[in-house]
Novice: 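Structure in structure tokens, see below.
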2 protein chains.
Amino acid sequence: MARAGVTKDRVAEEAEQLADEVGLESVTLAAVAGRLGIKLPSLYKHIDSLGGLRATVGERATRELTEVMVRATAGKAGPDAVSALAHALRDWARAHPGRYAATIAAPRVSAGAEPGQVQAAEDAVGLIFDVLAGFGLGGDDAVDATRGLRAVLHGFVALEAAGGFGMPADVDRSFDRLVASYIRSLPAY
Amino acid sequence: MARAGVTKDRVAEEAEQLADEVGLESVTLAAVAGRLGIKLPSLYKHIDSLGGLRATVGERATRELTEVMVRATAGKAGPDAVSALAHALRDWARAHPGRYAATIAAPRVSAGAEPGQVQAAEDAVGLIFDVLAGFGLGGDDAVDATRGLRAVLHGFVALEAAGGFGMPADVDRSFDRLVASYIRSLPAY
DNA sequence: TCCAAAAGCTATTGCCAATAGCTTTAAAGC
DNA sequence: GCTTTAAAGCTATTGGCAATAGCTTTTGGA
């Protein structure tokens with residue numbers, strides 16, 4: 001009965017949606033199969049393993065996030081571009097928490113990472129690098145600044161997602177000020 | 001045969017060591033029990049559940065990290081204190097990756113968090129708050145600056161632990177510059 | 001010395017990932 | 001239009017794990 005019409009992409013899409021709903025760690029193959037209307041073992045006609053599916057989700061999510069940031073920074077430069085990239089990343093991460101988590105867990109280059117995954121991660125970092133290029137940074141300075149921005153953005157988003165910030169004060173404002181503060185520091189790199 | 005001499009603290013210690021060795025997510029009750037020389041079901045005489053054990057590890061790790069940061073900042077103030085706190089946190093996180101991960105996953109105040117866990121998390125944040133107090137910050141400014149420092153530190157440490165930084169450039173230097181950059185931005189808060 | 005609570009055990013259940021091997025569908029070739 | 005075959009589904013099974021039930025043994029205090 002080969003008629004459920006399941007494809008690798010549909011499996012990945014369902015896994016992504018589920019990850020956003022219940023958390024990346026709580027995605028089970030049984031639940032993904034159930035959503036697709038097939039039984040768990042049938043999934044193995046489309047994936048290698050749970051780990052492989054997670055890696056696929058990570059790569060797709062990384063490409064999606066990169067695309068979102070590219071659009072957000074199009075036609076902008078300097079502080080405007082950095083600010084737009086920062087807010088685009090946070091907005092997307094809040095809308096897609098499971099996908100976002102997959103982008104961080106993904107680039108395990110140490111283990112046997114697929115070329116596509118590595119490329120996707122490099123493209124994402126490359127975009128940040130390019131956006132910072134307008135500040136006249138070169139060599140190690142640019143590397144340090146890129147790492148700094150990635151740290152600032154991931155740290156804030158991850159703590160926010162983990163419920164690490166108490167209710168009271170305005171979290172949006174805290175983010176705005178952190179990003180603005182980072183941008184002001186760029187000429188010093 | 002009540003003679004293995006297992007206590008709640010010993011269970012937590014073994015879970016912590018295992019978390020540092022294989023990762024927090026890969027800690028199984030079977031492995032913890034094996035290390036203690038007892039069978040898995042016997043563990044339930046000392047813990048409530050796997051989730052409860054993870055919460056206990058998180059609380060203990062938060063207290064340990066706070067203590068490390070307190071010692072590192074003792075007798076220091078201003079930029080020196082912030083820098084010492086930052087480096088103490090990163091050093092401890094690199095030495096104890098599983099424990100560190102537990103400190104972030106822990107403070108799920110939204111769900112039913114134990115009072116002890118909430119207190120431990122508040123103490124840790126309180127220390128950062130106090131260290132930043134020397135910069136003349138008050139009210140929301142202090143909250144924003146505290147969130148900013150937490151984001152910077154967690155982001156860098158988490159990306160580093162995930163293998164997010166490619167091999168080449170000196171990671172220590174990137175961290176030093178990010179922390180210095182943050183400290184320079186403090187008067188502007 | 002006794003006895004009751006603490007701490008261990010075996011057995012069992014249910015969920016999950018993964019594999020083996022069978023069946024059915026559907027498309028491609030004739 | 002018929003046949004063949006690969007793809008895509010299925011059931012059955014295994015092994016690991018968390019969790020619970022219920023029994024046994026130890027051991028410290030009355």
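Letters go in sequence order (proteins before strands), and every chain restarts at 1.
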Novice: Here's a test for you: under side-chain hydrogen bond (donor to acceptor under 3.5 Å, both in side chains), which of B:Arg90, B:Arg94, B:His154 qualifies with B:Tyr100?
Specialist: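 So, applying the side-chain hydrogen bond (donor to acceptor under 3.5 Å, both in side chains) to B:Tyr100 and each of B:Arg90, B:Arg94, B:His154, only B:His154 qualifies.
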Novice: How many Å lie between CD1 on A:Ile47 and P on C:dT19, as a whole number?
Specialist: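 These atoms are roughly 10 Å apart.
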Novice: Regarding A:Thr66 and A:Asp123, is there a side-chain donor-to-acceptor distance under 3.5 Å anywhere?
Specialist: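 Result is no, nothing qualifies.
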Novice: Please produce a list of atom pairs where a protein N or O lies less than 3.5 Å from an N or O of nucleotides 21-23 of chain D.
Specialist:
none

Novice: How would you list all residue pairs meeting salt bridge (Lys or Arg N to Asp or Glu O under 4.0 Å) that involve residues 75-89 of chain A, not counting sequence neighbours?
Specialist: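 Sorted result for residues 75-89 of chain A: empty, none.
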Novice: Heavy atom of residues 13-32 of chain A under 4.0 Å from DNA chain C: which residues?
Specialist: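 Residues of residues 13-32 of chain A that come under 4.0 Å of DNA chain C are, in numerical order, A:Thr28, A:Leu29, A:Ala30.
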Novice: Just list the side-chain donor-acceptor pairs under 3.5 Å for residues 28-48 of chain A, sequence neighbours left out, or say none.
Specialist:
| unit_1 | atom_1 | unit_2 | atom_2 | d |
| --- | --- | --- | --- | --- |
| A:Thr28 | OG1 | A:Ala31 | N | 3.0 |
| A:Arg35 | NH2 | A:Glu21 | OE1 | 2.3 |
| A:Arg35 | NH2 | A:Glu21 | OE2 | 3.3 |

Novice: Would you mind writing out the side-chain donor-acceptor pairs for residues 179-189 of chain A within the sub-3.5 Å range, not counting sequence neighbours?
Specialist:
| unit_1 | atom_1 | unit_2 | atom_2 | d |
| --- | --- | --- | --- | --- |
| A:Ser181 | OG | B:Ser185 | OG | 2.9 |
| A:Tyr182 | OH | A:Ala145 | O | 2.6 |
| A:Ser185 | OG | A:Tyr182 | O | 2.7 |
| A:Ser185 | OG | B:Ser181 | OG | 2.9 |

Novice: Can you check the B:Leu36 CG to C:dA7 C1' distance for me, whole Å?
Specialist: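 Between C1' of C:dA7 and CG of B:Leu36: 13 Å.
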Novice: Using whole Å, what does the distance between atom C1' of nucleotide C:dC9 and atom CG of B:Leu40 come to?
Specialist: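 That distance rounds to 12 Å.
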Novice: Have a look at A:His87 and tell me which of A:Leu153, A:Asp172, A:Asp176 forms a side-chain contact (heavy atoms from CB on, under 4.5 Å) with it.
Specialist: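 Running side-chain contact (heavy atoms from CB on, under 4.5 Å) over A:Leu153, A:Asp172, A:Asp176 with A:His87 returns exactly one hit, A:Asp176.
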Novice: Within this structure, what is the OH-to-P distance between A:Tyr44 and C:dA17, rounded to whole angstrom?
Specialist: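 Whole-Å distance recorded here is 7 Å.
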Novice: Quick one: do A:Arg60 and A:Glu64 make a salt bridge, cutoff under 4.0 Å?
Specialist: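 Salt bridge flag = no for A:Glu64 with A:Arg60.
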Novice: List for me each residue that meets salt bridge (Lys or Arg N to Asp or Glu O under 4.0 Å) alongside A:Glu67, sequence neighbours excluded, and say none if there are none.
Specialist: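 Only A:Arg71 meet the salt bridge (Lys or Arg N to Asp or Glu O under 4.0 Å) criterion with A:Glu67.
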Novice: Whole-Å distance between D:dA18 P and B:Leu53 CG?
Specialist: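 One finds 10 Å between P of D:dA18 and CG of B:Leu53, rounded.
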Novice: Using atom CG of A:Leu50 as one end and atom P of C:dT19 as the other, report the distance to the nearest whole Å.
Specialist: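 Answer to the nearest Å: 12 Å.
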Novice: Could you work out which one of D:dG9, D:dA19, C:dG8 sits closest to the side chain of B:Ser42?
Specialist: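 Closest nucleotide to the B:Ser42 side chain: C:dG8.
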Novice: Ignoring backbone atoms, establish whether A:Lys39 has a side-chain N or O less than 4.0 Å from OP1 or OP2 of D:dT11.
Specialist: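 A:Lys39 to D:dT11 OP1/OP2: side-chain N or O found under 4.0 Å.
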Novice: Please state how far atom NE2 in B:His46 lies from atom C1' in D:dA18, giving the value in whole angstrom units.
Specialist: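 Distance check: B:His46 NE2 to D:dA18 C1' gives 17 Å.
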Novice: To the closest 0.5 Å, what do you measure between CD (A:Gln119) and CZ (A:Arg63)?
Specialist: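 So the CD of A:Gln119 and the CZ of A:Arg63 are separated by 7.0 Å.
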Novice: Report the distance from atom CG of B:Leu43 to atom C1' of C:dA7, rounded to the nearest whole Å.
Specialist: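 The distance from CG of B:Leu43 to C1' of C:dA7 comes to 12 Å, rounded to the nearest Å.
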